[in-house]
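Every heavy atom of this structure was used, including side-chain atoms; hydrogens, water molecules and symmetry mates were not. FYI, the numbering just counts along the sequence from 1.
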Amino acid sequence: MVTKQFAGSPDEADLRRADSLAREIFSDVANKWALLIIEALGEGTLRFGELRDGVEGISHKMLTQNLRMLERYGLVTRTVYPVVPPRVEYTLTEPGQALRATIDGLCDWTHRYLGHIEASRHRFDT
């Protein structure tokens, strides 16, 4: 896959355009695992196993893929300590912390409207 370079033009940041870099970022970062990883890391620095335990249901492979993607976008910092066995820690960067504030809003919305959504789904499905 060829990744676009951001030149600073408004067209590059338009989520409605299929060829937008912003749309590519949004698509990658707005997946359920990435959101849950960012939320978990909002509590502080965690090791891989702590993250896996904190994000129920995520596989080793999905956690690895999402951490790499978040690191690539500069949302997570990965620190490797030269010890045996290797110790690796993950921390949110400043942009990652800013995104977490947005995710917290989404979590609050979910909690606020969960009953409404559940009732609506039940009516729709019957």
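Contact annotation: the side chain of L67 approaches that of I37 to within less than 4.5 Å [non-hydrogen atoms, C-beta and beyond]. Looking at D104 and E39, their side chains come closer than 4.5 Å, going by heavy atoms from C-beta outward. By the 4.5 Å heavy-atom criterion applied to side chains, V55 and L63 are not counted as neighbours. A heavy-atom distance below 4.5 Å is not found between the side chains of E56 and L36.
Distance CD1/I58 to CD/Q65: 9.5 Å, rounded to 0.5 Å. If you take CD on E50 and OH on Y90, they are separated by 12.0 Å, rounding to the nearest 0.5 Å. Of the inter-residue distances, the one linking D28 atom CG with E24 atom CD reads 6.0 Å to the nearest 0.5 angstrom. A distance of 11.0 Å separates CG in N31 from CZ in F26, rounded to the nearest 0.5 Å. Atoms CG and NE2, on D108 and H111 in that order, are 7.0 Å from each other to the nearest 0.5 Å. Remark: L92 CG to L70 CG distance equals 8.5 Å, nearest 0.5 Å.
Hydrophobic cluster membership differs between I103 and L114, with clusters built from Ile, Leu, Val, Met, Phe, Trp and Tyr side chains linked at under 4.5 angstrom. By the criterion of side-chain heavy atoms lying less than 4.5 angstrom apart, applied directly or through intervening Ile, Leu, Val, Met, Phe, Trp or Tyr residues, V80 is grouped together with L41 in one hydrophobic cluster. In the hydrophobic clustering of ILVMFWY residues, with side-chain heavy atoms under 4.5 Å counting as a link, L35 and W109 come out together.
Summarising the geometry of V29 relative to A34, their closest heavy-atom pair is O-CB, 3.3 Å, with the distance given to 0.1 Å.
Within a 6.0 Å radius of CZ in R87, other residues, nucleotides and ligands contribute more than 12 heavy atoms.
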**Report entry** Worked check of side chain to side chain contact (heavy atoms under 4.5 Å, CB included) between M69 and L75
**Finding:** CA-CA 9 Å; M69 178 268 300; L75 302 174; 5.9 Å; no
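A donor-acceptor pair under 3.5 Å is absent between the side-chain atoms of T45 and the main chain of E89, judged by distance alone. A donor-acceptor pair under 3.5 Å is absent between the side-chain atoms of S27 and the main chain of R23, judged by distance alone.
Using a 30° and 60° split on the angle between ring planes, H116 and Y113 fall in the perpendicular class, above 60°.
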